[in-house]
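Remarks on the structure that follows.
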Amino acid sequence: SSKKLYRVTYDDGDMEELGEEEILGLLATVGGVPAPLSIQLQDIIPTIEKVVAAGLTPLIMDPSPAHNVDTFLRYSQTSVFDSKKAGLDVIGAPLAGRDKPISESLETARKALVMAMKRGLTLSVSMQQGSPPFSSWLDHPDFFPAEHVFTKAGKKLIEEKSGWPERLFRPEDTVDTHGFAIPHRDFQVVLTTWFAKPADAKRFLFAEKMGLSHYDPKLFQIVMIEETMNEFGAQGAARGSNVGYHRFHSASEEDDTIC
């Protein structure tokens, strides 16, 4: 039988071939902020699975002009929450002479979240080139409890007796389940951004007063799409450092042949 291997290229140029269990160990034990990964677009689904299995939330960086990741996820088993639009709708409403209360944007977030929880979909939180206000009003226990959404890819929301489905589901969400708020075990969360570099994430997402400033970067695994790497090259220090890259290439092993 064939064995799935991953060719891992470190920032210092060293390369080794690791199995799936070793990859999970690498993700879980890198220490500090997990080192960014670089993958090919075609490997995004298995990589998301491995990151989630390691107890981290994927933060996917894709500055490609075509926004390939967002497009790919929209046509996958996902519920997309356009968090940039939700924030801009509130900020821009007075300037446009419209009334867009915060509650409407929160309800948009809740519906996307509940759809994913109920159907076992991936909630894709699309931030684009924005820094949505998850550290302020776009964090609400009755609509979008951001800390729990962003912890362990949202899995805590569907833990037995967590109480979150009952708090987030509305009567119209439980019509087909006889009034019971029943989440699906396959539910998970990923975040996507159009920023190009991990340094951009630190500056525009995690810095003080930015959208993710209230959340520990250790909750997230930055995943770069390899096709974009040639635009700016790999940043960081030596192998295993907090800012080094690990490039993951899926490969198959048959008769000790790596292809």
Side-chain angles (χ1 to χ4, degrees), residues 36-41 44-45 47-48 51-52 56-96 98 100 102 104-113 115-116 121-140 143-144 146-147 149-150 153-154 188-215 217 219-232 235:
L37 309 178
S38 176
I39 65 168
Q40 297 175 347
L41 181 61
I44 189 170
I45 296 302
T47 300
I48 288 173
V51 170
V52 173
L56 299 170
T57 301
L59 172 54
I60 304 171
M61 305 191 74
D62 174 29
S64 64
H67 312 305
N68 295 325
V69 169
D70 282 349
T71 301
F72 180 87
L73 291 175
R74 284 183 184 277
Y75 288 94
S76 303
Q77 296 294 311
T78 61
S79 172
V80 179
F81 170 43
D82 188 338
S83 57
K84 177 188 175 184
K85 182 178 186 300
L88 289 179
D89 281 348
V90 171
I91 295 172
L95 298 177
R98 295 180 290 104
K100 180 73 174 182
I102 287 176
E104 289 187 31
S105 284
L106 283 172
E107 177 63 9
T108 298
R110 188 199 69 81
K111 286 182 176 179
L113 173 59
M115 178 185 292
L121 305 177
T122 296
L123 175 67
S124 177
V125 180
S126 174
M127 299 184 289
Q128 299 155 52
Q129 72 275 43
S131 188
F134 294 117
S135 295
S136 56
W137 63 264
L138 197 45
D139 173 24
H140 194 291
F143 292 89
F144 195 87
E147 180 178 357
V149 173
F150 299 152
Q188 60 186 9
V189 177
V190 304
L191 286 76
T192 68
T193 177
W194 296 351
F195 290 130
K197 306 176 184 179
D200 294 335
K202 181 177 180 180
R203 178 181 179 186
F204 298 114
L205 296 177
F206 292 106
E208 186 178 358
K209 298 182 179 180
M210 293 292 103
L212 296 177
S213 62
H214 286 189
Y215 308 100
L219 296 174
F220 303 90
Q221 173 63 63
I222 290 179
V223 178
M224 309 293 296
I225 305 304
E226 189 171 73
E227 286 85 344
T228 67
M229 290 295 293
N230 290 335
E231 298 177 16
F232 48 80
Q235 306 289 324

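The basis for the numbers below is simple: all heavy atoms, side chains too, and nothing from hydrogens, waters or symmetry mates.
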CA sep, side-chain torsions, deciding dist, call: Arg74, Asp70, salt bridge (Lys or Arg N to Asp or Glu O under 4.0 Å) | CA-CA 6 Å; Arg74 284 183 184 277; Asp70 282 349; 6.0 Å; no
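For the pair Ser105 (side chain) and Ala86 (backbone), a donor-acceptor distance under 3.5 Å is present. The main-chain N or O of Asn68 is found under 3.5 Å from a side-chain atom of Asp62 such that the two form a donor-acceptor pair.
The shortest heavy-atom contact between Met127 and Lys84 is O-CB, 3.6 Å. In this structure, Pro198 and Met224 approach most closely via the heavy-atom pair CD-SD, 4.2 Å. The shortest non-hydrogen separation linking Pro58 to Val189 is CD-O, 3.4 Å. When all heavy atoms are compared, the tightest approach of Ser79 to Ala112 is OG-O, 2.8 Å. Scanning all heavy atoms of the two residues, the minimum distance from Ser135 to Leu212 falls at OG-C, 3.6 Å.
Inter-residue side-chain proximity for Lys202 and Pro217 is flagged as unmet; no heavy-atom pair is nearer than 4.5 Å. Within the 4.5 Å cutoff, the side chain of Ile102 has no heavy atoms near those of the His140 side chain. Using a 4.5 Å cut-off on side-chain heavy atoms (C-beta onward), Leu59 and Val223 make no contact. At least one side-chain heavy atom of Ile48 sits under 4.5 Å from a side-chain heavy atom of Ile60.
Annotation: ring pair (Phe, Tyr, Trp, His ring centres under 6.0 Å) contacts of His214 (sequence neighbours excluded): none. Take Glu107 and apply the side chain to side chain donor-acceptor pair (under 3.5 Å) test, not counting sequence neighbours, and it matches Arg110. Shown here are the salt bridge (Lys or Arg N to Asp or Glu O under 4.0 Å) partners of Glu147, two or more places apart in sequence or in another chain: there are none.
Rounding to the nearest 0.5 Å places CG of Leu191 at 8.5 Å from CG of Leu205. Here the CZ-CH2 distance, from Phe143 to Trp137, works out to 11.5 Å after rounding to the nearest 0.5 Å.
Side chains of Ser213 and Glu208: no donor on one and acceptor on the other come within 3.5 Å.
Checked against Pro133 for a side chain to side chain contact (heavy atoms under 4.5 Å, CB included), the options Ile91, Val90, Leu138 give a single hit: Leu138. In summary, of the residues considered (Val125, Leu73, Thr78, Leu123), a side chain to side chain contact (heavy atoms under 4.5 Å, CB included) with Val190 occurs for Leu73 alone.
In this structure, Phe134 has its ring center at least 6.0 angstrom away from the ring center of Tyr215.
Residue Gln129 places its CD atom among more than 12 non-hydrogen atoms of other residues, nucleotides or ligands, all under 6.0 Å distant.
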